[in-house]
Amino acid sequence: MTRRDCPPIFRLEGVSYSYLGRYPALQDVNLTICQGEKVVILGANGCGKSTLLKILDGLYPPSAGRIEAFGEDLSRVGDDPAQSQRLHRRVGFVFQDADIQLFSPTVWDDVAFGPLQMGWEQDEVRRRVQEALRLMDVEDLADRAPYELSGGEKKRAAIATALAIDPEVLLLDEPTANLDPRTKAVLVELIARLGEMGKSVVTTTQELEIVPSIAGRVIVFGDKERRPIAEGDADTILDDTDLLVRANLIHQHLHLHGRRAHSHQHSHAGDHDHH
Ligand SMILES: Nc1ncnc2c1ncn2[C@@H]1O[C@H](COP(=O)(O)OP(=O)(O)OP(=O)(O)O)[C@@H](O)[C@H]1O
Ligand SMILES: [Mg+2]
């Protein structure tokens, strides 16, 4: 998967990960992600998407194999605060579960947490926080407690915490799950804009309809294999019905048309006939 014209950010060789040494989550993953790439990791529940992002973010050491980020071996990053800070200055992670990301008394404090960790001046911290809150359209929520927010508002606040550091790389774990259509569209546009700004963005999802707007490259994970089973551009992947069925990304779907319901193979990404 390595291409000659791309300076790699992440390089995984034979990476496997098992929880508690017993529950396999990733098996023999070989993957290179390059600077400026917009990669979508597409896969069904339990195929290892969140585990992969946590490995990219240095939160879990691989059980086997090797991961490099920016040319550095990450296997001991958990024991090396200096390396961890170097990595987290460059890589921002938005967890699938916003409740994990938001732990401060107010949204402002949560968004300021990263910049304060970086040791930046007060004025710089304030400027970064305001900019991140503005980008995610949550300025009005700054003084609220995270537990007082709706799920979608939490998600936007969680993304603001990652943007506040202005990282080169963003790892977004199912960022549009459970969002209403307008919020989802705003977020998809933002992800696309981050890509245009030259940032590298790795987004996991199982929502096919967001893929064309945010993917330069799509990597499909198999839910049995727990590793990439296909990759390509968005059109190629989304047109491959057999692949999408095999990866449990489309299915027989009870589908409503007006007041009538019927069942047919359904993809949100492509056109289909209704009989
Ligand atoms: N804390 C944990 N302890 C034990 N097993 C885990 C844990 N977290 C995940 N797993 C297992 O690892 C596998 C991969 O999980 P992971 O969360 O990476 O999948 P995912 O692709 O993100 O799924 P989803 O779409 O549901 O978020 C699953 O089989 C899951 O049961
Ligand atoms: Mg997940």
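Worth knowing before you read on, the calculation uses all heavy atoms, side chains too, and leaves out hydrogens, waters and symmetry mates. Every number for a ligand or one of its atoms is a count from 1 in the order of the listing.
- For R226 (side chain) and G46 (main-chain N/O), a donor-acceptor pair under 3.5 Å exists by modelled atom type.
- Side-chain atoms of E148 come within 3.5 Å of backbone N or O of A145 as a donor-acceptor pair.
- For D110 (side chain) and S104 (main-chain N/O), a donor-acceptor pair under 3.5 Å exists by modelled atom type.
- Closer than 4.0 Å to atom 30 (C) of ligand 1 lies none of the heavy atoms of the protein.
- With rounding to the nearest 0.5 Å, the separation of CG in N45 from CG in N248 is 7.5 Å.
- Using cut-offs of 30° and 60° for the angle between ring planes, the Y60 and Y17 rings count as parallel.
- Checking side-chain atoms of H88 against main-chain N and O of D57 turns up a donor-acceptor pair under 3.5 Å.
- If you take CZ on F93 and CG on L171, they are separated by 6.0 Å, rounding to the nearest 0.5 Å.
- The salt bridge (Lys or Arg N to Asp or Glu O under 4.0 Å) with E72 is formed by just one residue from the set R11, R66, R86, R90; it is R86.
- In terms of protein heavy-atom proximity, atom 25 (O) of ligand 1 is closest to K49 NZ, 2.7 Å.
- For a threshold of 3.5 Å applied to N or O pairs, the pair formed by C47 and ligand 1 contains at least one separation below that value.
- Each salt bridge (Lys or Arg N to Asp or Glu O under 4.0 Å) pair with one or both residues in residues 183-205, not counting sequence neighbours, appears once here: D166-K199, K184-E207, K184-E209.
- Taking every heavy atom of Q96 and a limit of under 4.0 angstrom, the matching atoms of ligand 1 come to 27 (O).
- Close contacts of ligand 1 with A25, meaning ligand atoms under 4.0 Å from a residue heavy atom, involve 12 (O), 13 (C), 14 (C).
- I33 contributes atom CD1, which lies 12.5 Å from atom NZ of K38 (distance to the nearest 0.5 angstrom).
- The ligand atoms of ligand 1 that sit less than 4.0 angstrom from a heavy atom of R226 are 13 (C), 28 (C), 29 (O).
- Looking at atom 18 (O) of ligand 1, its nearest protein heavy atom turns out to be T51 OG1, 2.5 Å.
- The atoms of ligand 1 that sit less than 4.0 Å from any heavy atom of Q206 are 25 (O).
- Of all protein atoms, those that are N, O or S and lie under 2.8 Å from the Mg ion (ligand 2) total 2.
- Geometrically, ligand 1 and G46 share a nitrogen or oxygen pair separated by less than 3.5 Å.
- Taking distance alone, with nitrogen or oxygen atoms compared against 3.5 Å, N45 approaches ligand 1 more closely than that limit.
- Within the 4.0 Å heavy-atom shell around ligand 1 one finds E174.
- When all heavy atoms of K49 and Q206 are compared, the pair lying nearest together is NZ-NE2, 4.4 Å.
- Distances from atom 22 (O) of ligand 1 to the heavy atoms of A44, S50, A177 show the closest one on S50.
- In terms of polar-atom proximity, defined here as any N/O pair under 3.5 Å, G48 does make such a contact with ligand 1.
- A single hydrophobic cluster is not seen to contain both L102 and F95; linkage of ILVMFWY side chains at heavy-atom distances under 4.5 Å, directly or through other members, places them apart.
- The distance from the CG atom of L172 to the CD1 atom of I159 is 6.5 Å, given to the nearest 0.5 Å.
- When F221, Y17, Y23, Y19 are ranked by how near their heavy atoms come to atom 10 (N) of ligand 1, first place goes to Y19.
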